Amino acid sequence: MSPAVLLVLPFALPLTAAALTVLWRHHREAQRITTFASVAGVAACGIGLVRATRDGVAVATDIGAWPRGLSIVYAVDGYAALLLTTMAIVAAVALAFAAGRGEDRHPMFLPMANVLLSGVFGSLVTADLFNLFVAYEVMLIASYVLLTLRGGRRQVRAGVIYVAVNLLASTAFLLGTGLLYGVTGTVNLAALNAVVPGDPAATVGAGVVAVAVAVKASLVPLHGWLPRAYVEAGPAVTALFAGLLTKVGVYTLFRLYSVVFAGDPVWQPLLVAIAAITMVVGVLGAVGRGDVRGILAFHMVSQVGYLVLPLGVWTTAAVTGGIVYLLQYIFVKGSLFLAAGAVETLTGTGALDRLGGMVRTRPVLATGFLLSALALAGIPPTSGFVGKYLLIRSAFETDAWLLGATAVVVSFFTLLSMIKIWNGVFWGEPTELVTHERTQGPLGLEVPAATPRPTSPSTQPLVERRRALELIAPCVVIGVATLVLGVAAQWLIALVEPAAAGLIDPSAYLEAVRAA
Amino acid sequence: MSLLAALAAVFGLAAVLPVLVRPLGRDAGYLAAAVLLGMAGWFGLQGRAVLAGDTVTTELAWLPAADVSLALRLDALSWLFALIVLGIGAAVLAYAARYFSADSPAIARYLALLTFFAGAMLGLVLADDIIVLFVFWELTSISSFFLIGGLGEGKPGATRALLVTGLGGLALLAGLILMSVAAGTSSLGAILADPAPVTAAPVAPAIVLLLLLGATTKSAQLPFHFWLPGAMVAPTPVSTYLHAATMVKAGIYLLFRFTPVFAGVPLWRTSLVLVGFGTAAFGAVVALKQDDLKALLAYSTVSQLGLLTGLIGIGSPLALATAAIYTLSHALYKAALFMTVGIVEHETGTRDLRRLGGLRGRLPLVAAAGGLAAISMAGLPPLLGFVAKEEVFASLLESRAELATLGIVALVLMVVASIGTFAYSARYYLGTFEGPERTRPHRAPLGFVLPPLLLGAGGVVLGLAVPWLDPLANGVAMATTGIDPELHLGLWHGATPALLLSLLVVASGLALIALRNAVERAQGRVALRRGDAVFDGLYAATLALGKRFGSPANSLSPASYLAPILGTLVLVAAVAVARGQIDLAGPPAPSFAADWVVVVLVAACIAGVVQARTRLGAVAALGMTGFVVAGWFVLLGAPDLALTQLLVETLTIAVVIVVFRRLPSTFARGGPRRKIVAAVIAAAVGGFAGLATFALTGRRELSDIGARFLAEGESVTGGSNVVNTILVDFRALDTLGETTVLAVAALGIYALVRLVRHDPIPRPEPTVPVEPDEPPDVFEAREDDPEEAIVHLRMWSGPGTIDSLILQTVANGLGVMMLVASLWLLVRGHNAVGGGFIGGLTAGAAVVTFYLSHGHERVWQSRWLRVTPMVGAGLLVSAGYGLAGMLTGAGFLAGGKLSLPGGIDVAASLVFDIGVYLVVVGMVTTIVRHLGQGLAEDEPEPDRRDREPAASVLTGPVVGDQGVVR
């Protein structure tokens, strides 16, 4: 297929699927088939784009084929292509989990998920700052609905905060884009290349945009909303958000720094400080939490620090490490949230002090969680180790001692908090909740304890086994994948290296955008 | 390749063991032992060449891009450790085959994990790449965690062990990465061959400290020793293998390994000697005090690992050769001792010295094994332990000139350690096997006793034939220092100073035993602060600190999350202003006096918003700004924008009225402090935003692209309304996105408001008490029932909002006229004021009129005013328009002409605009339908029949099919 088609479909397919799933809201199977077909299509496009951009090439197309300079341009380089493919796969896994759990029973779940994906992929492929804002809006509006879809009081409460923060960030994004347009007269990323160094006015505009994006990426001190909101969503939704949303923010930060800021080293001390503080504050917050998803949500903040570490170093080695880390981390965090979701679905709680001994009742789930947790902590030979090794090494290579040391120390606390979950959930004596797993309604609404459980021995295990498989398989599959990815990391590094070089020197990307 | 194959074979064995346990039961342990023994034999055959100085290497690419390869290398040092790993491993697996009862469900797990650990340990000692070395290092820590922790029985011990060794592991990682960066390679062989770049690097002291941290945590040196006694909750085979013979020696291996690099660094030597011999003396003294046999042996291990650490720190060829012999000797007797303790515990049910004694009568073979091992540990001839201890004294004496004071300190500590060792060795043996029998043991089967007996006998054989070990000792010294000490081991070297020291040790030890009651009383008075208590304190403190860091994210007030963002924005602006490089002078571009009128009016409206006490008042004032801006658009000659703005503001007011009637009419009031803070933030943000807009956007002419839209727009698109051509042609992608946002907003309302409770709806209470600290007041706060669905959005049925016959009559006609007008606006949009958005809003106004005049009931029952069909279809039409362009080859969202029957050409983008129109009407309909008053019945849902009783408090398909998977 021509690159133009590959570029457009990741946005257009989920959007069309969204429209169709709205119309088919009463036909769940049709909704599911449409959605998975669309996600599979996007993944296929992603693979096609990875192939097309393998050697540091970038591909671009103008939307609407208007005279050059008048259209919005879609462009993809190796970085975007790899991320797009990864996100499509993680989205498929999270949606499969949602189906297994019955979380997609709400007639608007899959439509909203499709819109979310459309916005996410649109954000990755666009080379136009205003269109990026629009894609963000598409992504966020769907996330507002998904977050509150469970409809509980706590969800709405968290939703108010989430919406307020993101609306403010979006306003700032729009303001910054407007200011930048006011100064430069363009929103095309190629035309915005290197406008910041040397132009204080453009710096203000780009700075406001960067702050807005930093909110979405949840960099400290703009992070508080994330652990507040993410823990309240449905488990599959949290996994979806964890795999996609903040990562889009990180992606955009890289893109902006590469293109608009032209990698200006002036900002590196600031970026180093932000990365280090984000790592530390996030991990300490995680250590202090007493519920599985709370710990994981704070880890998202902490890990963002690792993800933006390359911005403060900005060498090909660092960016390679950063991208490898990002790609595998999207899987890992998705898997951990799915494991947390499985625990919550099976037992009805994620509170560490009410759980225990699940290694006895659910050994496979324990294994899946463990592999992902080790990957998060960067324990070899998981993929997380490779990513962390590359990052720390790149920091030390550029004499960024403190940054590298922070990354190492934070790893320790990451390990500590993963052990905390492991000890609380999987080791120890099984609690009442663990030994008597509850039948679970859709959307995480528990069947009240007073309701007598169906106890017919002939049917009940069958139902539970099937559900347990659907709940546990996604996390285990990803867990094993992190191991494979760690051992076979060379393959990934070889793919990522040209992509990283393409961020350090974005000329191929810029050329492609200009020529579109 | 053979090294790799050996390594792979061990891991492979670990993988298949769980399967083999099924048919073989615990005897699978013997099979595993045989495999390891066979491999030990194979390694043994390499000995002749390796000890002569040859190395066997092999390499497999792993991460060439990151300069890491799975390289293995066998030299004398690796050979020694590999033999210990495999040999002791075989003994432990054979022992485990009888230690676990035949029907134990844990046997498969322990056998597999022990074998996996053997592989990790083998990889560690063979690695020729420092990163690969680290990988195996961490694998040993992880296997240790699960071997100690079991299924959670040993949770605290396992956690402490993992966190302490994990901390050291990360330090090691940092050190190794620094080393590889300094050396320019991660190849161990290359670094050892040319250590100069590493030692000359400015970070060399940091590397040394980090490596030491790694080694001392792993090998349980002061002050990290406490995890090792804590790890004794593990089953005895685990303690024997990991926590006596091998894993804890990984740190020792590391020190051996990097001696060639760092032996010349003073920091290395001083810290190793002090920490090492200090730990040796400390461990020996503390061991003496233990009543639990495993704890006694654990502290003994701490002590002897300290001795090895100190010995390596001395760094002379003799010391390194001695360390090699000591390592071997220790592995043999300590493994045997642990095994005997395991047997004793197995057969008597206790390992408490106060309840043991006289077991020699019924367990003679165990007593023999334990006795031989204890004699070796005590350092008495003719066992290997004696030779090893003699050489330690000899090494210290040899280097005393070089070590100066340090040497004297070390010697004293070593003597103390040896006395202690002698005494606790005796205490172990005498307390367990001699004296009166206190607990009657079962008989131990021969297969259970054989492994320790063989290991104990090994100490005798090697002691008597100790010259055999010369090549090993000298080979290791060669490999680690490059110098052959030409050591000749023997039981008798004449009356050397070392022998005199040994006599002193024995005499003092015997005295201690004679006075043991007094000694025990004295020890009882000394209470050491336990390391694990300190650790637990730190752990708890970390959690408490974490809670503090996490607490901001517990707030329920949205404002507390917004403040940091606003603050950051202000910071950005303040820095920009402070640097003063932006021209803040007035805009040179044409400006009109009327603009100032707009500014004043907007300011007045904002003041109104701030002043407003009621919600409605605030929204009305805010709406006024919208109308003012619309007026400003008119002044600027942008009727499309003005019209859009007016319609949006009008509808917003209508929506707000619908929604706000469910909220308290006034705001919750904040305190004065909060008001001041909010005012400062708001003023700063607003001021800077205004300033930035003024300075950055107010001074320019039309942008290039704006000029081109005006100049080329009509010729390219065929549309003369430039606003519309931008919306549906040039930037149709943005419009598609924003249309989606609108559609989702509608669907969101549709989805969420369906969750409202379905019981008889009361009239609104006259006053809803509002808690001042309840920031979002759209719902009640009831923390005690977190999962209950929101029920606060109360609805009530009633007649139309404006119950007027006149309005109803007029409204019908008005509605039809508005609909027609909306279609007209839609169609002409490409060339004149109008378009899908404006048309849709106009039609939406018709819907609102219908609602106001005829009431919610009629809207609800209408066949046409349905949300999902309208919104879904609108979205599908818009997206489909884009895809159709792609299918025809013109490109996604490409414009063009459509030829209708009758020879009329219209812009294809009209289709796109129809989609927009539908979504906008759908949006308004949603608001009226779902937020309007009187929500009661929803359309019947197909799966409602599945509803269970528990779900009946809620309405809609959301919970309609609760629970049952069919």
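Naming: A, B, ... by sequence-line order, numbering from 1 per chain. It should be emphasised that the depicted structure is a prediction, and the values quoted were computed from it without experimental measurement.
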Can you tell which part of L179(A) gets under 4.5 Å to a heavy atom of chain B, answering side chain, backbone, both or neither?
both
Heavy-atom cut-off 4.5 Å, strictly under: side chain, backbone, both or neither for V408(A) against chain B?
both
Under 30°, 30 to 60°, or over 60°: which ring-plane class applies to F709(B) and F730(B), parallel, tilted or perpendicular?
tilted
Under 4.5 Å, counting heavy-atom pairs only, tell me which of P64(B), A182(B), A61(B) racks up the most with chain A.
P64(B)
Could you check, using the six-membered ring where one of them is a Trp, whether F130(A) and Y181(A) have ring centers closer than 6.0 angstrom?
no
Of the backbone (N, CA, C, O) and the side chain (C-beta and beyond), which part of V211(A) lies under 4.5 Å from a heavy atom of chain B, both, or neither?
side chain
Which bit of A65(B) is near chain A, if near means a heavy-atom gap under 4.5 Å: side chain, backbone, both or neither?
both
What residue in V741(B), L151(B), V135(B), I565(B) has the most heavy-atom pairs under 4.5 Å with chain A?
L151(B)
If one checks every heavy atom of Y389(A) against chain B at 4.5 Å, the contacting part turns out to be both
Distance only, no hydrogens: is a donor on one side chain within 3.5 Å (strictly under) of an acceptor on the other, for S180(B) and R393(A)?
yes
Given a strict heavy-atom distance threshold of 4.5 Å, which part of S555(B) is in contact with chain A: side chain, backbone, both, or neither?
backbone
Looking only at side chains, do N423(A) and T159(B) share a donor and an acceptor under 3.5 Å apart?
yes
Tell me if a side-chain donor or acceptor on K420(A) pairs with a main-chain N or O of R289(A) at a distance below 3.5 Å.
yes
Out of V68(B), L747(B), V572(B), which one racks up the most heavy-atom pairs below 4.5 Å with chain A?
L747(B)
Within the 3.5 Å criterion, strictly below it, is a donor on R157(A) or Y162(A) matched to an acceptor on the partner's side chain?
no
For chain A, find which of F549(B), Y539(B), F136(B), W137(B) contributes the most heavy-atom pairs closer than 4.5 angstrom.
F549(B)
When only pairs under 4.5 Å are counted, which of V181(B), V744(B), N554(B), L876(B) shares the most heavy-atom pairs with chain A?
V744(B)
Side chain, backbone, both or neither: which part of I142(B) has an atom under 4.5 Å from a heavy atom of chain A?
side chain
